[in-house]
Enquirer: 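Structure below; questions to follow.
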Amino acid sequence: MALWIIRILFLSLCTMGGYALSQVRPEYVGSAYGGVIGMMIGFGFGGLLIAVDEMLKGFSLRAFSATTFGLLLGTVVALLIDRSGLFEKVDESTRLLVRLGLFLAFSYIGIVLAMRSNKEDFSLIIPYVRFAPRNKPDNLLLLDTSAIIDGRVADLIEANFIEGIIVVPRFVLKELQQVADSNDAIKRARGRRGLEMLNRIQRNPRNEVKIHDGDFPDEKEVDSKLIRLARNLGAKLFTNDYNLCKLAELQSINFVNMHELAKSLKSTLLPGEILTLRVVREGKDKGQGIGYLPDGTMVVINNAQSHVGQQVQAQVQNSLQTGAGIIIFADLHQTVTA
């Protein structure tokens, strides 16, 4: 939106400039249509530049400098060939055509070669001159509300599994505050947990936390704002939101789904392994007891119904993958404590 405001302002200045110039040109002074013609010329000139700007969208400064260098190099080569004396015997009109062809051909080749080259190739063309290496870009980790409330990001940071600058947008903080102030007790508890997790991340000296003030007033949804901010910053988006992950994937945004990460880190249990866990409740079928591993995986234990509240050892028989996760089926091995 801001870009179009600048473009409209520039177009208005060009139009007024065209009118001002028409008033000082002798051929237009006193003419009834001189001012209109000047305004139309100024408007057309401004519109042409805006059209060129739109066509050059995504054309980086590196590409511009490489293009300029390639154009200069091609021009020098064409000039050397033109001055080499190879075309002295041709007539003047033919030489003009040859000269035009040389400059066009070698300028194009120079631009294409420069665009395809990297910074190391330039050191071969310009001896003793090497481009200074670019600083390593910051590793930016963009957190959404669900990832902050989840809290596993804080665990990963403290365990030194992820490093980088933690970026928390101001609009995410606002959403987190709204959840913490909700009338619903569950939402209020989740919001307060999110604020506690954020304070925990800020207290960790291993990673810097930055509150980003960038916002996109034209975007109404927080998810859309996160996608645009991640693209603008080149940041990796951390979230638990399935829909946001799909939206990021469709727009080629680098993201981490915390649920998928946790699923990939779960250990694989083989039949015959012995687990030690507490039976917390009765199972659905007769004689079954239910326990949970530290990562939240449910274990269905045969013949453990009478051991609810006790610590037991169970021998793994098999596992079942469901939409909610993995369920482990095991047989009671022995009781550890009452």
Side-chain angles (χ1 to χ4, degrees), residues 138-217 219-230 232-233 235-248 253-266 277-278 280-281 290-298 309 323-326:
D138 293 328
N139 184 27
L140 302 179
L141 313 176
L142 180 62
L143 305 185
D144 79 333
T145 307
S146 64
I148 296 174
I149 293 174
D150 179 272
R152 282 178 288 188
V153 171
D155 295 332
L156 291 173
I157 293 173
E158 291 175 357
N160 207 25
F161 282 111
I162 59 175
E163 295 180 351
I165 299 176
I166 307 298
V167 179
V168 181
R170 184 75 64 181
F171 56 81
V172 168
L173 275 181
K174 182 179 179 181
E175 184 182 43
L176 193 60
Q177 185 64 48
Q178 290 174 349
V179 175
D181 293 337
S182 173
N183 294 327
D184 187 277
I186 297 177
K187 287 186 177 180
R188 187 165 60 248
R190 285 172 52 83
R192 291 177 180 176
R193 170 182 166 80
L195 294 174
E196 291 173 1
M197 290 297 107
L198 189 55
N199 289 330
R200 178 180 162 190
I201 293 173
Q202 286 181 313
R203 289 194 299 267
N204 193 317
R206 292 180 178 176
N207 291 68
E208 180 183 358
V209 178
K210 288 186 176 181
I211 306 299
H212 199 282
D213 290 320
D215 201 349
F216 304 94
E219 298 286 356
K220 301 301 181 183
E221 300 293 331
V222 173
D223 288 359
S224 301
K225 294 183 179 183
L226 283 167
I227 292 294
R228 288 185 59 178
L229 184 59
N232 291 347
L233 298 179
K236 181 180 292 185
L237 177 61
F238 281 74
T239 180
N240 283 333
D241 190 329
Y242 177 82
N243 293 328
L244 180 56
C245 289
K246 286 299 180 183
L247 187 62
I253 301 298
N254 201 4
F255 70 96
V256 174
N257 186 334
M258 298 299 298
H259 290 317
E260 294 296 327
L261 177 62
K263 187 185 299 184
S264 64
L265 291 176
K266 285 186 177 181
L277 69 166
R278 182 177 296 277
V280 297
R281 60 184 177 85
I290 302 296
Y292 293 92
L293 297 179
D295 61 5
T297 302
M298 186 171 71
I326 297 177

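Model, not experiment: these values are computed from the prediction.
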Enquirer: Using 0.5 Å steps for rounding, measure from the CG atom of Leu237 to the CG atom of Asp144.
Expert: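 Between Leu237 CG and Asp144 CG, I get 6.0 Å after rounding to 0.5 Å.
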Enquirer: Work out which heavy atom in Glu219 is nearest to a heavy atom in Ser224; give both atom names and the distance.
Expert: OE1-CB, 3.3 Å
Enquirer: Which atom pair, heavy atoms only, marks the closest approach of Leu195 to Ala180?
Expert: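 Minimum heavy-atom contact is CD1-CB, 4.0 Å.
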Enquirer: Could you tell me if the side chain of Val209 sits less than 4.5 Å from the side chain of Asn204, heavy atoms only?
Expert: no
Enquirer: Is the backbone of Gly291 close enough, under 3.5 Å, to the side chain of Arg278 for a donor and an acceptor to pair up by distance?
Expert: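 Flag not set: sc Arg278 to bb Gly291 has no pair under 3.5 Å.
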Enquirer: Test side-chain contact (heavy atoms from CB on, under 4.5 Å) on His212 and Leu233 and set out the steps.
Expert: CA-CA 10 Å; His212 199 282; Leu233 298 179; 3.7 Å; yes
Enquirer: I'd like to check the side-chain contact (heavy atoms from CB on, under 4.5 Å) partners of Arg190; sequence neighbours left out, ordered by chain and number.
Expert: Ile149, Ile186
Enquirer: Report yes if some heavy atom in the side chain of Ile162 is under 4.5 Å from a heavy atom in the side chain of Val153; otherwise report no.
Expert: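 Counting from C-beta outward, Ile162 and Val153 do come under 4.5 Å.
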Enquirer: Decide yes or no on side-chain contact (heavy atoms from CB on, under 4.5 Å) for Phe216 and Asn232, but give the supporting numbers first.
Expert: CA-CA 11 Å; Phe216 304 94; Asn232 291 347; 3.4 Å; yes
Enquirer: Is there any side-chain hydrogen bond (donor to acceptor under 3.5 Å, both in side chains) pair reaching into residues 155-182, and which pairs are they, with sequence neighbours excluded?
Expert: Thr145-Glu175, Asp155-Arg200, Glu158-Arg200, Arg170-Asp213, Gln177-Asp181
Enquirer: With Asp215, which residues qualify under side chain to side chain donor-acceptor pair (under 3.5 Å), at least two apart?
Expert: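 Applying side chain to side chain donor-acceptor pair (under 3.5 Å) to Asp215 gives Lys225.
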Enquirer: Measure the spacing between CZ of Phe171 and CG of Leu176 and express it to the nearest 0.5 Å.
Expert: 13.0 Å
Enquirer: Working to the nearest 0.5 Å, report the span between CD1 of Ile211 and CD of Gln202.
Expert: 5.5 Å
Enquirer: What distance separates Leu156 CG from Phe161 CZ, expressed to the nearest 0.5 Å?
Expert: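 Separation between the atoms: 7.0 Å.
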Enquirer: State, yes or no, whether a side-chain contact exists between Val172 and Leu142 at a heavy-atom distance under 4.5 Å.
Expert: no
Enquirer: Using the test side-chain contact (heavy atoms from CB on, under 4.5 Å), find all partners of Leu198 that sit at least two apart in sequence or belong to another chain.
Expert: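 For Leu198, the residues satisfying side-chain contact (heavy atoms from CB on, under 4.5 Å) (neighbours in sequence not counted) are Ile148, Val168, Leu173.
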Enquirer: Minimum heavy-atom separation for Lys187 to Asp184, with atom names?
Expert: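 Heavy-atom minimum between the residues: N-OD1, 3.0 Å.
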Enquirer: Could you give the distance from CE (Met197) to CG (Leu143), rounded to the nearest 0.5 Å?
Expert: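 Result: 12.5 Å between the selected atoms.
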Enquirer: Does one side chain, of Asn240 or Ser146, offer a donor that lies under 3.5 Å from an acceptor on the other?
Expert: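 On atom types as modelled, these side chains do not qualify, holding no pair under 3.5 Å.
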Enquirer: Run the side chain to side chain donor-acceptor pair (under 3.5 Å) test against Tyr292 and tell me which residues pass, sequence neighbours left out.
Expert: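 For Tyr292 the side chain to side chain donor-acceptor pair (under 3.5 Å) partners, ignoring immediate neighbours, are Arg281.
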Enquirer: Please identify each residue that fulfils side chain to side chain donor-acceptor pair (under 3.5 Å) with Asn257, with sequence neighbours left out.
Expert: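 Asn257 satisfies side chain to side chain donor-acceptor pair (under 3.5 Å) with no other residue.
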Enquirer: Can you give me the closest heavy-atom contact between Leu226 and Leu244, atom names plus distance?
Expert: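 Taking Leu226 first and Leu244 second, the nearest heavy atoms are CD1-CD2, 3.9 Å.
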Enquirer: If you measure from CG on Leu140 to CD on Glu208, what distance do you get to the nearest 0.5 Å?
Expert: 10.0 Å
